[in-house]
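Below: the structure, in structure tokens.
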Amino acid sequence: MEINSSNLYNKDILKTNKFENLDSNSLKNVEDKELRDVSNNFEAFFINQILETSLKSTSIAGEEAGSDIIKGMYTQSVADNATGSLGISTMLYEFLTKNNK
């Protein structure tokens, strides 16, 4: 079999009607949910960075081997559970939705 540009891809893949029944409202809901998730993840990251910096010189998890891992797990858990409490994610979500239209 000779390889050339006409047989490098499957032409049947290009003949799809997966996108014919797409509803723009359902896409908007998915985009809004994903944008909300990204905003929440940013706030969790921000809180985690604040906690890591403020707890760097403390021995909240002890001073034995693995205490840094435990401290990291603790700060990540607190940050994940505190998401939405500072309002950063809400402000970021509103800013991005207004400016993306």
Side-chain angles (χ1 to χ4, degrees):
M1 178 172 112
E2 181 180 327
I3 297 177
N4 57 38
S5 62
S6 65
N7 62 5
L8 284 178
Y9 61 92
N10 186 350
K11 293 176 185 161
D12 294 333
I13 291 174
L14 300 176
K15 296 176 185 175
T16 183
N17 36 350
K18 287 193 280 187
F19 303 111
E20 288 179 359
N21 298 327
L22 228 56
D23 182 21
S24 64
N25 290 330
S26 64
L27 281 178
K28 185 178 181 327
N29 292 338
V30 169
E31 289 173 358
D32 285 346
K33 182 185 179 316
E34 289 176 354
L35 191 57
R36 177 62 75 181
D37 289 343
V38 167
S39 300
N40 287 339
N41 288 340
F42 176 78
E43 185 172 358
F45 172 77
F46 184 73
I47 293 171
N48 190 14
Q49 293 301 308
I50 291 172
L51 288 173
E52 281 184 5
T53 302
S54 63
L55 298 175
K56 186 178 286 187
S57 62
T58 65
S59 60
I60 192 170
E63 295 187 19
E64 294 84 29
S67 62
D68 288 339
I69 294 171
I70 293 170
K71 190 186 297 185
M73 291 169 57
Y74 171 75
T75 57
Q76 185 65 48
S77 177
V78 170
D80 289 343
N81 289 317
T83 299
S85 62
L86 294 181
I88 295 171
S89 63
T90 304
M91 287 189 299
L92 182 61
Y93 173 77
E94 289 173 0
F95 175 79
L96 291 174
T97 54
K98 287 178 186 175
N99 291 325
N100 281 337
K101 293 183 180 187

Note to self: For Asp32 and Arg36: C-alpha separation, side-chain torsions, deciding distance, then whether side chain to side chain contact (heavy atoms under 4.5 Å, CB included) applies.
What the structure shows: CA-CA 6 Å; Asp32 285 346; Arg36 177 62 75 181; over 6 Å; no

Check: Gly84 and Ser89: which non-hydrogen atoms are nearest, and at how many Å?
Finding: CA-OG, 3.9 Å

Notebook entry, point to check: Considering all heavy atoms of both residues, which atom of Ala44 and which atom of Thr83 are nearest to each other, and what is their separation?
Noted result: CB-OG1, 3.3 Å

Got a second to check how far [X]'s [atom1] is from [Y]'s [atom2], nearest 0.5 Å?
X	Y	atom1	atom2	result
Phe46	Leu51	CZ	CG	10.5 Å
Gln76	Asp80	CD	CG	4.5 Å
Glu34	Asn41	CD	CG	11.5 Å
Leu96	Phe42	CG	CZ	10.0 Å

In chain order, what residues pass the side-chain contact (heavy atoms from CB on, under 4.5 Å) check against [X], with sequence neighbours excluded?
X	result
Asp37	Lys33
Glu94	Thr90
Leu86	Glu43, Ile47, Ile88

Check: Under a single-linkage definition using a 4.5 Å side-chain heavy-atom cutoff for Ile, Leu, Val, Met, Phe, Trp and Tyr, are Ile50 and Leu55 assigned to the same hydrophobic cluster?
Finding: yes

Checklist line | Whether Thr75 side chain and Lys71 backbone form a donor-acceptor pair below 3.5 Å | finding: yes

Margin query: I'd like to check Tyr93 versus Asn40 (side-chain heavy atoms, cut-off strictly below 4.5 Å). Are they in contact?
Written below: no

